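First the structure, in the form of C-alpha cells, and then the observations on it.
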Number of protein chains: 2
Amino acid sequence: MPTIDTREKILKSSLRLFSQKGYIGATTREIARDACVAEVTLFRCFESKERLFEEVLNRYSFVPELEIIIKEIKQMPYEEAMYYFAIRFYDGLKSRKDIIRIIQTEVYRYPDKIANLYHSMIDSIIMTLANYFSEMQQAGILRFFDVKHAARGLMGLVFSVFNMQELLLRSKYRDDVEIDIIKSLVNIFVRGTLR
Amino acid sequence: MPTIDTREKILKSSLRLFSQKGYIGATTREIARDACVAEVTLFRCFESKERLFEEVLNRYSFVPELEIIIKEIKQMPYEEAMYYFAIRFYDGLKSRKDIIRIIQTEVYRYPDKIANLYHSMIDSIIMTLANYFSEMQQAGILRFFDVKHAARGLMGLVFSVFNMQELLLRSKYRDDVEIDIIKSLVNIFVRGTLR
DNA sequence: TGGCATAGTAAGTAAGCACTTACATTACTA
DNA sequence: TAGTAATGTAAGTGCTTACTTACTATGCCA
C-alpha cells in the first residue's frame, strides 16, 4: 500500500494539471513528474487515470464552507448580510479556482460524475439562500419575488465577476478593484429586493 | 482547391464535435466521418487540425447581432428595454450554444486565440450597454451607479441562467420556464437601478 | 471525347498515450 | 541484521493520433 503522503502529492499535482490542461490534455507522465514520483507509482496508487480523476473531484469540494457562511449571515442586517455573503462566496471561488475550472471545462464530457458534483454544490446553496430570502419576506423586510430565482441571480452575479476577473485573466478591468465591482452589483440587488 | 461546400460541411461538423468533445477530444477521423468526407480531404482543405480549429472560431462569431439589439432598445421605455435585451441576449446565447461551449471550455488552453475572441464579444457589448445606462442616468431616469459594472452584472445574470439551463442540463429547475426566471431577475435589476 | 480538378480508398509513418512487467533500491522495523 | 513494504528505473505493449503518400474514381467543360 502506498503512503498517504505519496497519494496527496499525486492528487495535488493532478488538481493543478487537470485544471490547466483538462482531463485528456494532462498526461499521467506529466502528473507523475510534477509530483516527483515515478509514473508507475501513480498507477500503484490509483488503478487508472479515470479513478484518479474521480478522487480529485471528491477531494476538493466546496459545499460545507458555503453552508457555514449562510448560517453566519442570519444575524446580520440585510444589506450587510448580502455584502458579506457575496464577498465570502467570491473568496471561496477564488481559493477553489482550480477545481472550479475543472468542473467548468469537463462538465460536458463527464456528465454523471462532474454534473452531480456541480449540482450538489449549487443546489444546496440555492435552497439555503432561498430559505433565507423567504424568512426575510415573512419578516416584512423584503418584497415578494421568486426566492429561488433570486438566489440563483445573486450567485450568478458573483460568479460572473469571478469568471471574468479570475478565470479569464482579463487585462481591461484589472484596474477595477474586484470588491468594488461586487459592491456595485450587490447594491443593485439589495435595492431591487428591499420592500 | 476544394469546394466551398466541402469546407462548410467540415466546419459544421467541427463546430459540433469540438463543442461536444473539446479540441483534443474531437479527432480528425471523427470530424471527417461526421462530415461525410474522407479524412484526407479534411487535410486538403485545412492544413492542420489547429488551423481548422481557428477557422471554426472565426466562422461563428456573436458580436454583430448584439450590437443591433442595443440599438433597438434605445427607443423603448427602460423596463421594457431591459426585458427585451435580456431575452434577445438569452436567445442569442441559446442559438450559439456550440460556440459558447467551445469558448468556455478551451479558453484556458488557447489563451491568445480564444480569449481574444471572447473578450471582443463581451467588451463591445459592455461598452455599448454602459453607454446606454449613462444616457439614462443623464436623462434622470436612472440613479447613479457604475455603468460598466452594471452592464457586466446584467449580462452576468442572463448568462448564469443560460449556463444552468442550457449548458448543464439540470433536472431540478427544468419545470421553471426560463423566461420567468429571466423576468424575475431583470425585475430585481430594474428596481435596483431606477431612480 | 479528353483533360483536369475534386474527391475517395488504402496503406502507412512516427509519435504519444495509458498502462504493464521485471527487477533494483531504499528505509523502517522486528 | 534480516525481512518487508514502498518506491524507483528501464523497457516495452498495444492502441490511437495527426498527418502523408500513391493511386483510383468521378464529374464537368472545352
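Keep in mind that this is a model prediction, so the values were computed, not measured. Order of the sequence lines fixes the chain letters, A, B, ..., with proteins taken first and strands second; residue numbering starts at 1 for each chain.
With rounding to whole Å, A:R33 atom CZ is found 18 Å from D:dT7 atom C1'. The separation between B:E30 atom CD and D:dC19 atom C1' is 17 Å, rounded to whole Å.
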So which protein nitrogen or oxygen atoms get under 3.5 Å of nucleotides 27-30 of chain D's nitrogens or oxygens?
none

Protein and nucleotides 19-25 of chain C: nitrogen or oxygen contacts under 3.5 angstrom:
{"from": "C:dC19", "atom 1": "OP2", "to": "A:K49", "atom 2": "N", "distance (Å)": "2.7"}

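Each of A:A38 and B:Y23 was assigned the nucleotide of DNA chain D with the nearest heavy atom; the assignment lying further toward the 5' end belongs to A:A38. In this structure, B:C45 and A:T27 both approach DNA chain C, and ranking their closest nucleotides by distance from the 5' end singles out B:C45.
Applying the salt bridge (Lys or Arg N to Asp or Glu O under 4.0 Å) test to residues at least two apart or on different chains, the pairs with a partner in residues 12-31 of chain A are A:R16-A:D34, A:K21-A:E30, A:R29-A:E39.
Of all non-hydrogen atoms in B:I10 and B:L52, the two that sit nearest each other are CG2-CD1, 4.1 Å.
With rounding to the nearest 0.5 Å, the separation of CD1 in A:I24 from CZ in A:F18 is 10.5 Å.
A:C36 comes within 4.0 angstrom of sugar-phosphate atoms only, judged by non-hydrogen atoms across all strands, and of no base. No engagement by B:A32 is indicated, since no non-hydrogen atom pair under 4.0 Å with the nucleic acid exists.
The only member of B:I100, B:D98, B:L11 that meets side-chain contact (heavy atoms from CB on, under 4.5 Å) when paired with B:Y60 is B:L11.
The shortest distance between side-chain heavy atoms of A:Y23 and A:K49 falls below 4.5 Å.
Atom CZ of B:R143 is surrounded by more than 12 heavy atoms from other residues, nucleotides or ligands within 6.0 Å.
A:Y78 and A:Y132 have parallel rings, their planes meeting at less than 30° on a 0 to 90° scale where 60° marks the start of perpendicular.
At the phosphate of D:dT7, neither OP1 nor OP2 sits under 4.0 Å from any side-chain N or O atom of A:T41.
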